[in-house]
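Some notes on the structure that comes next.
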Amino acid sequence: MAVRLKKLYCHFSYTMKISGSLKYLFISILTFAWHYAGAQAYYDKVIAVNPQTYRLIKDAIEDLQYQLGKATAQDFKLITKDTTLTSGIIIKKLDRTVDKNPAEGKLDPDNDDAFIIRSDGKNKLEIIAYTKPGLINGIYTYLDTLGFRWYHPGDEWAYTPALKDIRIKLDQVCAPDFALRTFFGTWGTPRNRVIDNTALVDRQWGQWYTRNRLGGAYNLSGHAWGTFRYQVRDSFTVHPEYTAMVNGVRLPQTAPSLKFCISNPGLQQLFVNYFVEQLKKNIKNNSWQRIFCVSVEPSDGEGDCECDACKKMGSVSNRDFFLANLVAKEFQKIWPTAYVNLYAYDTHAMPPDFALEPNVIVQIIPYKYQDYSTPEQMIATWRKKTSNLFIYDYYGLPILNVDMPLNGELQPAEYGKRVKHWHQLGIKGITLESSYGIGATGLGLYLFARLSWNSGADVNALLKDYYTTNYGKVGSTMQQVQQVLADDSVQREKALTKGMKLLNTAKTEISAEQNTRLTDYKAYLHYLKLLYRMQKTDEQMDTVASDNLLRFTYSIFFTKMVHQFPINEWLKNFGHTPTYTTKYWDTFNQMAPGMKYSSVVQYTPKQLDELFEQDCKELKE
C-alpha cells in the first residue's frame, strides 16, 4: 500500500495544477496514509499485555520487542496495562477456572506447552495460552515463523531477518511433539567466576534454551536416595537395620552410594513420609504449577541388599519400583497430577514383574549403562509396561568424550533420526546429558531442539539452512570438514589434519558475522590438536601439556566452543597430572590462592586466525 501511495503522489504532483494550500492538504493526507499503511505492516508497532502477565514473562516480552525492533528498524511500543485494543500484538494468559476455551475446545488446558497464535494478516495478532510456558512458546514460535534463528548461544550465532512486514495469516493451536525437551551439560554450565564474573556465558545458554522452546511441564530430576539418607540420618543412626546387607554385614550409613533394606516396613514408611513431605513443600512453594514430579531414583552403583527378605522380593527392579509405587499411591491422595519418577538403568534396567501405578514416570536409559537387553528391545519391553515412558540419553558425555567430534549414530543427522524414531514409538519426553561445547555437540543440540518440537521437520533442510546461514559460501566446506572429523574409520589426528587442510583451502569471501563463526571453529580445531597430542600413547601427559590444554580452553572461554568444567575433571580423574590440575586449575575452588585462572588472557580473532595458519603448517597427514 505504501508503494502505491508514493506512486500516486508523484503522478498527482506532476500532472495536476492545484493551489498551494490544496496541495499541502493533499500531501498531508498522503503522508498520514503512508505512515498508517506502514504501521499496519507492523501491527501498529504495539505489543500489549496486562501487568500480571508482563511480570510473569517479562524477559520473553522484552525480547520480542527487541527482536522485532532489530529486524524492522522500528520502535515497538510496549503497553503493560489492561486494554481493549483492536490492533497490535496481544499477549493473553487465560485462567482455566474462568475463561472459556477460545478455540472451541482445541486448546488443551492440560497441556502446559500449548498455545493459540492467530491473526487475520491485517491489524492484530494474538498469542493466547493458559500457562507461562505456553505464552513463551507462542512468542518464539511467532519469531521462528518470521525467520528468526538462534543456532547456538550468543548474538554471534543469531540470525535476524530484515523485515518490511511482520504480519502473518494464521489461526492455529500449537504444541510440541514431546512433553519434555531438555538437556544439560555434565557438571552444569561452564561457570567461572574469575574469567566470566558476570556469568555471561551461562545467561547466553539460558537464552538459547528458551528461544529454541526447550523445556516442558515435567521437571524430572535424578538420584534422590543420597539426599534422603542425609536428611533422615538420625533415623538411620537409631535403625541401622534400614541399610543394605552386603556379604552378611549391614552397611554403615556413611557408605558411598548407600542402598537400603527395602523389605523393612520401617524403612518403607520412612521413605514414603519423606517424599510425601517433599511433594507438599513443592506444592506450597510453587502453587502456580499444575504438574509436580518428585524423583525417587536410587543412588548409583552396586550394593543392593542381600538379606533373605529382600531376595524374596525378586529382582532389584522389583524392589526399587515397589518403593516407587508406595510413594505414588500416597501422591494420588494429595494432588491429581503429582508423579514420582525414576530411571530404568544399571541394576534396575529391567521392568518389574508387577503393574506400575499410573503416576509413576519411568525414564529409561537404553543406550548406555545397562546390560539388560539391546536398546530397541529395552524400549519395546518398557512400552508394554507403561505409557509414562521418557528417554534419558547421553549425547557426547563430556567426562568421557572431552568434546571430541561425535561419530556413528551420534553424528547430528543420524541423531536426528533417533529423535524422530522416539516420537514414532510414543516416547513422551527426552532428557539429554551432553556438553556445553558448541564444537562437539552444538549442531546436534540445535537439531534436537528443532526436532523435539516438530519431529516432522526435514533434517536435510535444517542442515542446509544451518551451514548456508552460518558460513555462507564456505558452508559446504564446513559440512565436509565436520564429516571428516567424525569419520571413525580414520585415526583422529589424521582426520584433523585432513579437515584443517580442507578448511584452509576455503578462501571465499564471506560476511563479517560468518567469518566470526569460522574463526571460533578454528579455535575448536586447535583445541583438538592439543588434546590429540596429549592422548597419544607414546607421549606422557605431563604438567606442561596439561597446562597448555587448560590454559587454551579458558583463553577461548567466550567462544563457547568447549565445555571447560568436564575437561578439568577428565584431567583430574583420567589424566597423568591429577595433583597438578587440582592445585592450579581446580574448578571447585576457582578463587583459591595459587589458581591460574587470573593469568588467562582471551585470544583475539586475529590471533586465532594466525594460530590456525600455523597449525596448518605444522600438521602432517
Side-chain angles (χ1 to χ4, degrees), residues 53 56-57 60 93-99 101 105-116 128-138 140-141 173-184 209-210 213-224 227 272 274-297 321 324-344 356-364 382 385-392 422-423 426-432 452-453:
T53 303
L56 186 66
I57 57 169
K93 182 180 180 297
L94 302 178
D95 185 329
R96 289 188 182 92
T97 62
V98 176
D99 294 310
N101 194 309
K106 294 179 182 178
L107 180 61
D108 184 1
D110 294 330
N111 188 332
D112 289 7
D113 280 318
F115 59 91
I116 298 171
I128 305 169
Y130 285 105
T131 66
K132 173 183 176 180
L135 290 177
I136 293 173
N137 289 336
Y140 288 109
T141 296
V173 176
C174 303
D177 282 346
F178 290 94
L180 180 68
R181 314 161 306 285
T182 187
F183 95 95
F184 69 95
Y209 190 95
T210 301
R213 298 168 292 182
L214 290 169
Y218 296 88
N219 184 17
L220 306 184
S221 51
H223 303 292
T227 302
V272 169
Y274 170 82
F275 285 101
V276 163
E277 284 305 308
Q278 298 311 300
L279 173 63
K280 290 179 178 178
K281 288 178 183 177
N282 286 347
I283 294 172
K284 181 180 179 180
N285 296 333
N286 303 281
S287 57
W288 57 272
Q289 281 185 215
R290 188 180 63 85
I291 295 175
F292 293 91
C293 301
V294 178
S295 173
V296 294
E297 169 62 23
F321 285 97
N325 266 355
L326 289 182
V327 178
K329 288 176 184 177
E330 293 303 311
F331 278 16
Q332 292 165 14
K333 303 173 185 177
I334 299 169
W335 194 263
T337 50
Y339 297 86
V340 301
N341 68 275
L342 69 168
Y343 301 139
L356 295 177
E357 292 297 317
N359 58 328
V360 173
I361 288 176
V362 182
Q363 201 168 25
I364 61 173
W382 271 103
K385 179 61 64 173
T386 178
S387 60
N388 279 334
L389 200 58
F390 291 64
I391 288 278
Y392 187 106
W422 288 336
H423 182 255
I427 300 300
K428 291 184 69 172
I430 308 166
T431 297
L432 300 185
S452 62
W453 182 269

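One distance of note links CG of L214 with OG1 of T431; it measures 10.5 Å at 0.5 Å rounding. Taken from CG in D95 to OG1 in T97, the straight-line distance is 3.5 Å, to the nearest 0.5 Å. In this structure, H423 NE2 and D177 CG are separated by 3.5 Å, a value rounded to the nearest 0.5 Å. Here the OG1 atom belonging to T182 is positioned 10.5 Å from the CD1 atom belonging to I430, to the nearest 0.5 angstrom. Rounded to the nearest 0.5 Å, atoms CG (L107) and CD1 (I116) are 4.5 Å apart. In this structure, CG in L94 is found 13.5 Å from CZ in F115, a value given to the nearest 0.5 Å.
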Walk me through it: do I283 and W335 pass the test side-chain contact (heavy atoms from CB on, under 4.5 Å)? CA-CA 9 Å; I283 294 172; W335 194 263; 3.8 Å; yes
With side chain to side chain donor-acceptor pair (under 3.5 Å) as the test, would you mind laying out the steps for Q332 and N359 before giving the verdict? CA-CA 8 Å; Q332 292 165 14; N359 58 328; 2.8 Å; yes
Derivation of the side-chain contact (heavy atoms from CB on, under 4.5 Å) call for V276 and I334: CA-CA 9 Å; V276 163; I334 299 169; 3.6 Å; yes
Can you check side-chain contact (heavy atoms from CB on, under 4.5 Å) on V340 and I361, steps first, answer last? CA-CA 6 Å; V340 301; I361 288 176; over 6 Å; no
Check the pair Y343 / H223 against side-chain contact (heavy atoms from CB on, under 4.5 Å), numbers first and verdict last. CA-CA 9 Å; Y343 301 139; H223 303 292; 4.3 Å; yes
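Side chain of S295 to main chain of G222: a donor-acceptor pair is present (N/O by atom type, distance under 3.5 Å, no hydrogens or angles). Not one N or O on the side chain of D108 forms a donor-acceptor pair closer than 3.5 Å with the backbone of A114. The main-chain N or O of F390 is never found under 3.5 Å from a side-chain atom of Q363 such that the two would form a donor-acceptor pair. Checked by atom type and distance alone, the side chain of R213 never pairs as donor or acceptor with a backbone atom of N137 at under 3.5 Å. Not one N or O on the side chain of T386 forms a donor-acceptor pair closer than 3.5 Å with the backbone of L389.
Looking at F178 and W453, their side chains never come closer than 4.5 Å, going by heavy atoms from C-beta outward.
Ring planes of Y209 and F183: tilted class, angle from 30 to 60°.
For W382 and F321, the ring centers sit closer than 6.0 Å to each other. Ring pair F292/Y339: centre-to-centre distance not below 6.0 Å.
For the side-chain hydrogen bond (donor to acceptor under 3.5 Å, both in side chains) test, residues two or more places apart in sequence or in another chain that qualify with K428 are N388.
Contact between N341 and S221 at its shortest, heavy atoms only, is ND2-O, 3.0 Å. The minimum heavy-atom distance linking A324 with V296 is given by the pair CB-CG2, 3.9 Å. Scanning all heavy atoms of the two residues, the minimum distance from Y218 to A179 falls at CE1-CB, 3.8 Å. Pairing each heavy atom of R181 with each of G216, the nearest pair is NH2-N, 3.9 Å. Counting all heavy atoms, side chain and backbone alike, A217 lies closest to D113 at N-OD2, 4.3 Å. Here the shortest heavy-atom pairing between Y130 and D99 reads OH-O, 4.3 Å.
Sorted by first then second residue, the side-chain hydrogen bond (donor to acceptor under 3.5 Å, both in side chains) pairs that include residues 282-291, not counting sequence neighbours, are D112-R290.
No more than 12 heavy-atom neighbours from other residues, nucleotides or ligands sit within 6.0 angstrom of CG on N219.
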